[in-house]
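Every chain is numbered from 1 and lettered A, B, ... according to where its sequence line falls, protein lines coming before strand lines. This is a predicted model, so every value here is computed, not measured.
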Amino acid sequence: MVKLAEWMGKGIFRKHGIPTPVGVVVRSAEEAEAATRTGRVPLPCVVKAQVLAGGRGKGGAVQFANTPAEAALATRSILALEFKGEKVREVLLEQKVSILREFYLSFALDRSLRMPILMASAQGGVEVESVPEEAILRIPIHPFVGLAGYERRQVIRLFGLSGPAAKSLDDLLDRAWGVFQSEDAELVEINPLGLVGSGVIALDAKVVIEDDAAFRHPEYSEVRDDRTPLEEIAREKGIAFVQLDGNIGVIANGAGLTMATLDVLAEFGGRPGVFLDLGGTDDPGKVTEAFLLMAKAMPRAVFLNIFGGVTRCDTVATGLVEAMKQVPASERFPLVARIRGNNEAEGVAILKSAGVTSLSDLKESVQATVRAAEVPVEAPRGTVA
Amino acid sequence: MVKLAEWMGKGIFRKHGIPTPVGVVVRSAEEAEAATRTGRVPLPCVVKAQVLAGGRGKGGAVQFANTPAEAALATRSILALEFKGEKVREVLLEQKVSILREFYLSFALDRSLRMPILMASAQGGVEVESVPEEAILRIPIHPFVGLAGYERRQVIRLFGLSGPAAKSLDDLLDRAWGVFQSEDAELVEINPLGLVGSGVIALDAKVVIEDDAAFRHPEYSEVRDDRTPLEEIAREKGIAFVQLDGNIGVIANGAGLTMATLDVLAEFGGRPGVFLDLGGTDDPGKVTEAFLLMAKAMPRAVFLNIFGGVTRCDTVATGLVEAMKQVPASERFPLVARIRGNNEAEGVAILKSAGVTSLSDLKESVQATVRAAEVPVEAPRGTVA
Amino acid sequence: MSVLVDADTRVVVQGITGHQGTVHTRQMKLFGTRVVAGTTPGKGGTEVEGVPVYDSVREAVGATGANASCIFVPAPFARDAYLEAVDAGIRTSVIVTEHIPFHDMLSMYHYGLSRGSRIIGPNCPGIASPGKAKVGIIPNVVFRPGRVGVISRSGTLTYEIVSGIKEHGLGQSTCVGLGGDPVIGTSFVDALPWFEKDSDTDVIVLVGEIGGTAEEDAAQAIRSQVTKPVVAYVAGRSAPPGKRMGHAGAIIARGKGTAESKVAALRAAGATVATFPYEIPELVATQLKALEHR
Amino acid sequence: MSVLVDADTRVVVQGITGHQGTVHTRQMKLFGTRVVAGTTPGKGGTEVEGVPVYDSVREAVGATGANASCIFVPAPFARDAYLEAVDAGIRTSVIVTEHIPFHDMLSMYHYGLSRGSRIIGPNCPGIASPGKAKVGIIPNVVFRPGRVGVISRSGTLTYEIVSGIKEHGLGQSTCVGLGGDPVIGTSFVDALPWFEKDSDTDVIVLVGEIGGTAEEDAAQAIRSQVTKPVVAYVAGRSAPPGKRMGHAGAIIARGKGTAESKVAALRAAGATVATFPYEIPELVATQLKALEHR
């Protein structure tokens, strides 16, 4: 998920001809003062924290300014915020526009239908989850013919628009659909969409680009996301790595197996701290890297659960043994291993030669891991280094 | 059919990123001299008449120049040409490129498959009709998925290209398909496509935009086509009007009926001179305009053959009577009429009151028309004015 | 039985409040067609010729059970109208509108195909089964129930020929006008098997014209799939190459699409080909007589 | 009978000369699959693991009669590879490739649908019927012929479970891994009726995970179309909202896609839902025993 900040999303909107308020992104109070003083952003203006989390209105992350001095002040106070755990680095200053009504619009994927879906509601400016189902219009869009005119008319009717406002919405819908398609988006959300005079305008922009399509969009390669620093490193190395609240790390191969292993751990009282899916690999080096990464997350215990398919047991064992040599003393962790499947015998032998015993029963392995996390004094059998 | 001149086609190619030689279109020898002297067109250069007909190479419509003076001379001589009946108004000067091989490429419509079709041949630079069928690769393109990479590879293989040349062709194919789609073309032909160094380049461009899609392409509204002046006027009035070699005009409603009427005329020794299809109309004024237009073509006789459907018989009769008042004496022609179908009785009565008798038998009507055209001394019964 | 439409066909007229929509709604009703609904965005709740008007096809289908549509909306909006019909569950659409860009028709045709919906047209007179239903604009006066099936790329030429059949004392089972555009939803190849299967049809009249290879394709289909006698006619023998003869599809281009080629293919496939349109009724009568004596 | 593949399945491996393509061609052959051809553009005329390599799928199909394909080509070219397979007449394609953009999958899925072709995957382990054929990458060692059908959104978790079934002394009829991407060619809803109809399957094991509503949709299908006993398991009960758990599709977003919702829906539809994956074989054995005593 490449989640774009509001100001970037609005930049894409403008590129596609979707109206947005006049605005400038700034990174300091001085810039804010200058932007408003020179008229690049007409006053009065809105000052908005550029964070990915929603609900900014309630957390002081959106303020208003009538003078350049006020704009500077608001920017400074917002830049000092940490909003839902996220440091504010950028602030968007936008001309305040006079809004007659607010609507909700989004394009996303309907997985069951295998079609994009347009969702619209005449109740905008609130979280769509809080809108009753029956007040939301859902229009599946067949990818071969796109968003048809008769479908756009359904939205126009829902919003009760006519004349130039209807025409403006019709045009915006077509363009927003264009954004969803041509930018390989998984979400394009405009909430609120404002009725301003006789036209509609995007007052917010939430655009999420699909990770897998990143190769077609090098322009987003620098986008900061809401990953932790370790998750970011893992992503670069092509390892699926998710940090959770607990203290036990799980290294497995395959998303389903990794999740299932975490579930069993949780069921037996363990607290999952890291989800690490090796994926399919036959490179012991990648396995070593995965272990070194896991060590950085400082787990109290790690459970290695491998079913050898594409990823063979001996590859994992070899990579693990190498990691055992490289992990610094301060980052060592107790390890429980269970490896089965392709080249199981070879893998088990390699582990054994390094002093690690592979258990075969899942329940027993999990219980051993939970115990290891609870008793951090001395490392149990099967420990890294 | 909006047939674009070579230089306009190449302009579209450049807009879509398809390589073409450096070139400039000129309308005088002076312009040609200046363009080559200033280096806007590097020398040596090719000087090409911008006409719509093919086979320019053999008719002196393509020449070469090594100096600005030669470029001016060649341009002057080409501007003096009338090529296959078409006055040369524009000349394209292009840098001469060193061509290793020439290929043929086109995108058109396969009516039976209801799909666009890519045609390719390794024998370029000649009329594709002269290439044996088995040497032409035909690839239907499904409009919902476009020209696939594996299909482009078939063309690359046919041309025997590899490395950068293959990559260049792959890219060009994709872009030419983009031209066909986004410009609503009915034909995009590159003949020859040249292999130059390690890339391919469009040495000619034949782009035909579909008439019915003209409303999406106002940029081509000024394009001169190979219609006669009367055909041009007819087009503006929304009348299907085609000038042929003979001297008898046929006014009918519906393309099939008009063609069939011309066929019967020809079968009985008449020479069809004008095809005029009123189409579906209920405006007598349009009928009047059609007759006035027919008069301008100076036919020796006219046969009006109407089967009233959307176009009612009384509408046609009313329009005809009005035309009888407006046609200048110098343009009057003998008329035979046959009107049947919706509101037949009313139509026949209106004609009768104006002194025109409607015949009912097609064969008899045609024979009367042919006789009228042969005997221009006195107008027969049923004459305009 | 009949072809594609019958007494159970329930028609929604898309663009009913326009002039053509209104005129032909009246004519279809006079023919006996069950015109159950019309649509025009923004005109929902009104009535035209006693037919209720809805804002959308989905509403019209929901309220009236319409299963076929007749489209009169202007060319720039025709694609949209057809997509709306398909998505609302309409299985047969007659598109009367002319001048629809063929690139639009390509996506309409293939979308319909993938969703099990059939287009007749565009730029066509439509389909009619005398005594049952008419969807389109063929003048009512030319019809009389009978056993001759007519498939044509033409409009008025069809009326002329169908009328001739009636005047000759014969009648039609179903008559379908396919339209003369480069891309049409239903071709001879699609329609011939319907008439072959139709128990009400004894003889098939095929009216072609220059341009494309639809008649050559038809000849192939006649050879392999049609056992009933076929009487054919091809318009445009006197047309010169390179000129569009009124219909966007009627053009001899690059040596393809000549009348000679079509007539030869049809003859070779066993069809009786008329030189003049007025010969058709007599040729049909001869075929019918031959069938009686079999 | 079996589901989707059988002893007559003739497989072409697309991307056979790549490392994965070669390794799994060997494994498929060891399984007993008729791997008749491979393709890699520019490598036509060579051989991999005794299998002839062609430049294009059309050539491969022409020469070998291949009717299924297994796709290993890299994500940016996967769409193209599938279109090539469809156009060459392949009816079933297992796409092993991961990280295919879902916008690409949308057009692949709908194109296949319109042409009568079926995708398993992408990012999936494929399909196998022990003793008959395997198309994909599931390790051969986990299988043993039997009467348990397995449908799973997972890869290695499936191996774990299928292996458990074998170790418990039971065996599988067909096992299909659907893949964990947001857009997959074959869903539970598509696959359940195949197993319901399959005379070799007595009990169905369904392995789901968090994200989307595939399991809720499956519950609907079980209720309305499945009479055979279903044993289910859903991975991801401990996963927090908003995090993608390895699979692109495994994410609880906007309150949708939780394990609780899926387990509840499956239970309500009559499925037996396991809490731990290692419970599944015993639950299956119980169902089989119950069937015997019926």
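Look at K243(C) and E231(B) and you find a salt bridge, because one of the NZ, NE, NH1 or NH2 atoms lies within 4.0 Å of a carboxylate O, short of that distance. A salt bridge links E167(C) with R340(B): the distance from a Lys NZ or Arg NE/NH1/NH2 to an Asp or Glu carboxylate oxygen falls below 4.0 Å. Between D190(C) and R114(B) there is a salt bridge, with a side-chain nitrogen of the basic residue lying less than 4.0 Å from a carboxylate oxygen of the acidic one.
For A240(B), the part lying under 4.5 angstrom from a heavy atom of chain C is the side chain only. Contacts of S112(B) with chain C are made by both backbone and side-chain atoms, with heavy-atom separations under 4.5 Å. At a 4.5 Å heavy-atom cutoff, D110(B) makes no contact with chain C through either its backbone or its side chain. With a 4.5 Å cut-off on non-hydrogen atoms, E160(C) touches chain B through its backbone and its side chain both.
Note: F72(C) and H24(C) have parallel aromatic rings, judged against thresholds of 30 and 60 degrees for the angle between ring planes.
The greatest number of non-hydrogen atom pairs below 4.5 Å with chain B, out of H19(C), R244(C), E98(C), Q27(C), is found for R244(C). Heavy-atom pairs under 4.5 Å with chain B were tallied for S152(C), G180(C), A235(C); the largest tally goes to A235(C). Comparing D184(B), L244(B), N342(B) by heavy-atom pairs within less than 4.5 Å of chain C, the highest count is held by D184(B). Ranked by heavy-atom pairs under 4.5 Å with chain B, the first of D104(C), V189(C), T275(C) is D104(C). Most heavy-atom pairs under 4.5 Å with chain B, from the set S154(C), G155(C), G212(C): that is G212(C).
Centroid-to-centroid, the aromatic rings of F180(B) and H103(C) come within less than 6.0 Å.
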